[in-house]
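Take a look at the structure below.
Throughout, protein chains are lettered first and strands after them, A, B, ... in sequence-line order, and every chain is numbered starting at 1.
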Amino acid sequence: MNILLCCAAGMSTSLLVTKMEQAAKDRGLAVTIWAVSLDEMKDNWEKADVVLVGPQVRYKLADLQKEGRGRSIPVELINTVDYGMLNGPKVLEAALNMKK
Amino acid sequence: MKRIDFVYQKIRELSQAGQTGITAQDLAELLCLNRANVSHDLNKLWKEGKVTKSTHRPVLFSAIETATPLSLQRATSEPSLSAKKDSSTISNDENVSWNFQKYRQEPGISLMEQLAKDCQSLRGMIEQAKAALLYPPNGMHTLLFGETGVGKTMFAGVMHEYAVDKGILSEEAPFITFNCADYANNPQLLVSQLFGVTKGAYTGADRDREGLIEVAQGGILFLDEVHRLPSEGQEMLFTFIDKGFYRRMGETNFTRQGQVRLIAATTENPDSALLATFTRRIPMIIQLPSLKERGLEERLQLVVQFFHEESYRLGKDIHISSNTVRALLLYQCPNNIGQLKADIRLSCAKAYVDYISLRKTEIQITTSDLPMHVKEGLLHVQQNRKMIEKLLGDRKYYTFHPDQEPYMLEDSSAIDVSIYERMEQMSEELRANGITDNEAYNILDSEIDKYFTSYLKKVRQGINQEDMLRILHPEIVHVVEDIVSYAETRLNRKLTRNVLLGMSLHIQTLIDRVKKGKKISNPQLNQISMQHKREFLVALECVSKIEEAFDLEIQLDEAGFLTMFFVHDDVLVEEKKNYVGIIVMMHGNTSASSMVDVINRLLNTSHALALDMPLEKQPQEILTEAMELAKKMNRDDGLLLLVDMGSLLTFGDMISKELGMEVKVIPLVSTTHVLEATRKAISGASLDSIYQSVLAVSSHEFMEQSTGKERKKLPKQVIVTACLTGEGSALVIKNLLKHYLRFQNDKLQIIPITCLDQDGARRELEELKKERYILCTVSNFRIDPQVQHYNIEQVLSLQAIHEIQQLIDNEEIYQVMGETLEMQLKHLPGERVLGDIRGIISEMEKEIKQSFTSDELVGITLHMCCMLDRLKGGESVTEFRGKEEYILRYRDIFLTIQNVLRPLEMTYGVRIEENEICYLVRFFAMQEAGKTLY
């Protein structure tokens with residue numbers, strides 16, 4: 001499963017990526033997780049199964065969800081608490097649930 | 001030169017030589033004169049105001065050099081009986097303390113002469129007394145006869161004073177009072193008291209002791225209630241009278257000579273057999289007149305005198321209605337002056353209690369303060385009308401000042417805004433404003449309506465039976481009960497208890513007013529009588545009942561007011577039949593229901609309801625149950641929930657929304673809270689008022705458990721609450737927050753501080769800031785503009801709770817974020833970076849005048865922390881697309897952010913490139929765009 005994280009510059013979410021990868025590894029899941037900036041989104045839609053958006057770019061959420069619906073890709077905001085706490089397992093769990 | 005001049009000369013010499021005082025004895029020795037004569041002269045000089053004398057024994061005299069005003073000398077000396085009373089060993093008679101200082105004795109006149117001047121009726125008796133005292137060589141024993149309380153003891157005292165004054169008795173001549181009734185059933189003890197006892201005369205007589213007759217040597221022995229003297233005593237007394245000697249008890253062959261004047265007093269008829277033996281030996285019988293025989297004029301004088309004394313004693317003005325004076329002049333007073341005085345003191349005491357309990361603004365005595373038997377005096381006004389008129393004129397009030405002659409006062413200054421005053425004021429105002437009669441009527445009409453509605457409401461809500469009884473005179477309640485039951489029969493309907501209470505209060509004011517001679521005017525009289533014919537007719541009857549009961553003339557207008565009581569009772573019954581609902585919800589199988597059970601039983605009601613919340617039950621189920629309960633109530637007045645914790649706190653809102661009723665939640669449950677809530681609810685109080693008083697209960701309890709337990713570990717985050725003392729609302733808020741907010745005690749502390757002045761509070765805050773992070777402040781004013789602030793009202797109304805909870809939750813996020821960053825950042829210490837970044841962000845927000853939501857903040861903070869770490873590591877960021885145009889477009893924001901970031905660059909030794917700044921600009925720009933969009 002391919003999980004795409006999107007934030008302002010694609011760099012802060014990369015911290016979360018690390019943590020999510022760790023959590024996936026712990027659970028023995030084979031997932032690909034990567035982070036991009038808003039501007040890089042359009043080159044990455046193709047590869048993603050789900051898209052998670054950082055709370056600081058919530059203003060873009062509606063646009064992104066619209067685009068996602070067109071491609072049947074669920075787009076959701078990362079829970080602020082989980083994001084702020086860099087809670088890898090929880091965000092991973094959320095991502096996995098989106099596809100169910 | 002006369003002897004007295006020698007005496008005066010000598011004492012002046014001594015005083016000039018610096019001697020502070022000399023006794024009559026010493027002076028007599030110096031002058032080689034007889035002590036009694038010197039003493040006499042000294043007293044005369046003292047009367048003339050030429051010498052002073054000390055109030056204590058031995059009495060020291062000294063000359064007055066300059067012409068000191070007489071009054072001053074009087075003030076320092078003690079011509080009253082009380083000094084002499086000290087010398088008596090036995091004195092149980094209260095009358096001895098008659099206070100003659102206030103009798104305005106003129107200097108140079110003895111009390112006896114003053115008394116003769118003031119009291120016509122006593123003149124004959126005073127002449128007799130003088131004769132008895134002056135009768136050569138040693139005067140005559142005297143028998144005073146008079147009813148209880150006519151002033152026999154006082155009279156004897158005056159005789160003694162006269163004798164000393166005139167030099168008949170020496171200055172030191174004792175005046176000893178002995179009440180024979182005191183020992184009437186123990187003749188042995190009585191005789192030993194009177195005549196003394198020798199050692200071993202009887203068991204317990206362990207030493208020789210002198211009798212009163214010895215103590216009284218050279219002076220006067222006053223034997224009160226002499227008819228109670230047992231035969232043993234009589235015999236010994238007669239021996240003394242006849243032969244001038246006596247024996248101590250136990251003495252056989254030794255007799256003692258005595259030079260004592262006896263004044264005996266009795267209430268018995270002197271013609272009675274018992275007294276025949278006395279009258280045979282005591283030729284001088286003085287019969288003192290009863291109070292009745294003294295006449296009204298003297299009685300008034302006594303009344304005035306006694307009030308004066310009371311005023312003096314209390315050190316306060318006393319106002320007395322003229323009806324009170326009338327009653328005091330005319331009531332049956334079988335125990336004479338003593339009783340008159342006691343009754344006056346009693347009514348003064350009662351009025352004083354009203355005064356100190358703030359029920360009245362002055363010490364006022366009206367007939368309602370008088371005991372029933374005194375009030376009956378008013379029944380005799382008619383037959384004494386002429387005399388009373390002559391004495392009192394049309395004075396309405398008497399005022400006594402502690403130090404002044406009584407004078408007349410037209411009206412009492414006490415302002416009580418009753419319906420009467422209100423009507424007067426309003427009609428005057430309306431007239432002054434040129435309002436036409438018709439309009440005025442309408443306005444007054446609604447005013448009367450309003451008055452009665454609120455009056456009855458207040459009565460129903462605020463006052464319980466006990467309070468009423470304390471406020472109201474039982475007689476009034478009695479009369480009103482009578483009126484109400486009469487009205488019920490006539491109107492053929494039940495009246496509520498409110499009418500009784502409300503009308504009692506109203507009639508109390510009415511009576512007061514009528515007595516003060518104030519007018520009663522009801523401009524709506526015509527309207528009322530037309531609109532409510534039936535009630536009005538009943539009210540008319542009631543007015544005459546009141547007139548009858550209190551012996552007053554009441555204007556017809558009053559009937560208009562009474563009518564309204566009957567009319568409005570009806571309205572209110574329909575209007576108000578619901579009470580605020582009380583539901584107690586607690587975790588646990590029976591906690592809530594057992595507590596509610598206790599309260600309901602205590603208050604003898606079933607009003608409070610309980611909802612138990614066993615731990616296995618889901619909140620949703622409980623909510624449904626609560627809804628059901630609330631639905632059944634369907635109270636328009638609202639609902640108060642008392643809950644212990646957790647999800648129960650939110651039920652209030654949900655019920656309120658679902659059922660559209662006002663709901664308030666008290667997040668505390670204790671027996672006290674539930675008791676207070678239920679008590680108020682069943683008294684008909686409004687939801688708000690119940691809520692407030694339950695909160696007030698809370699604050700008391702919190703006070704007790706407030707003192708610093710939380711000192712040891714200092715959690716990093718702080719909410720500061722502040723009030724003037726740091727113990728009032730600050731503490732209440734603290735505890736409120738503790739109950740409403742979810743947080744970990746080791747992470748957050750709520751600190752109440754004092755903020756007597758703003759600077760002090762700010763300093764305290766600065767101090768805290770050094771070590772801790774201040775989440776927000778709660779107080780009546782903002783202490784620090786940098787710190788998030790809430791008003792006390794916002795917290796009390798729970799509006800701010802949600803926001804504060806978010807602050808706390810956010811902090812928790814940052815806490816964890818810091819810990820994670822500490823581990824995850826490659827080049828920088830995470831927690832420190834986090835702190836700095838947060839500071840920079842709030843700086844940016846302030847400069848750009850735009851603030852982020854907490855969600856956004858979390859993201860942006862994380863973004864910037866990563867940014868800094870990245871820059872430190874020399875990594876570069878993805879190119880911001882269309883950077884140049886973007887910078888141009890958002891030039892201001894760009895430059896501002898760049899500026900704000902400077903210190904960060906310095907601190908961490910990095911350069912924040914334009915691309916990075918553009919990303920930051922976008923947070924603001926997009927937010928701005930979003931705002932305009934929606």
[X], [atom1]: over 12 other non-hydrogen atoms inside 6.0 angstrom:
X        : atom1 : value
B:Arg889 : CZ    : no
B:Lys769 : NZ    : yes
B:Arg891 : CZ    : no
B:Lys883 : NZ    : yes

- Nearest heavy-atom neighbours spanning B:Gly859 and A:Tyr83: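 Closest heavy-atom pair between B:Gly859 and A:Tyr83: CA-CE2, 3.6 Å.
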
- Query: What are the two closest heavy atoms between A:Lys19 and B:Gln824, and how far apart are they?
  - Reply: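 Nearest pair, atom of A:Lys19 first, then B:Gln824: CE-NE2, 3.5 Å.
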
For the [atom1] atom of [X] and the [atom2] atom of [Y], what is their distance to the nearest 0.5 Å?
X        : Y        : atom1 : atom2 : value
B:Glu856 : A:Gln56  : CD    : CD    : 9.5 Å
A:Tyr59  : B:Thr853 : OH    : OG1   : 12.0 Å
B:Tyr919 : A:Ser37  : OH    : OG    : 4.5 Å
A:Asp82  : B:Ile813 : CG    : CD1   : 8.5 Å
B:Glu819 : A:Leu86  : CD    : CG    : 11.5 Å
B:Leu862 : A:Leu16  : CG    : CG    : 8.0 Å

- Query: Side chains of A:Asn87 and B:Thr820: closer than 4.5 Å at any heavy-atom pair?
  - Reply: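 The answer is no, as the side chains (C-beta and beyond) never meet within the 4.5 Å cut-off.
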
- Relative to chain A, which segment of B:Arg881 carries a heavy atom at a distance below 4.5 Å: side chain, backbone, both, or neither?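 B:Arg881 touches chain A through backbone and side-chain heavy atoms alike.
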
- Query: Going through the distances and angles, do B:Arg922 and A:Leu38 end up as a side chain to side chain contact (heavy atoms under 4.5 Å, CB included)?
  - Reply: CA-CA 11 Å; B:Arg922 193 156 67 180; A:Leu38 277 174; 3.7 Å; yes

- Item | Most contacts with chain A, counted as non-hydrogen pairs under 4.5 angstrom, among B:Asp855, B:Leu825, B:Val858 |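 The candidate making the most pairs under 4.5 Å is B:Asp855.
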
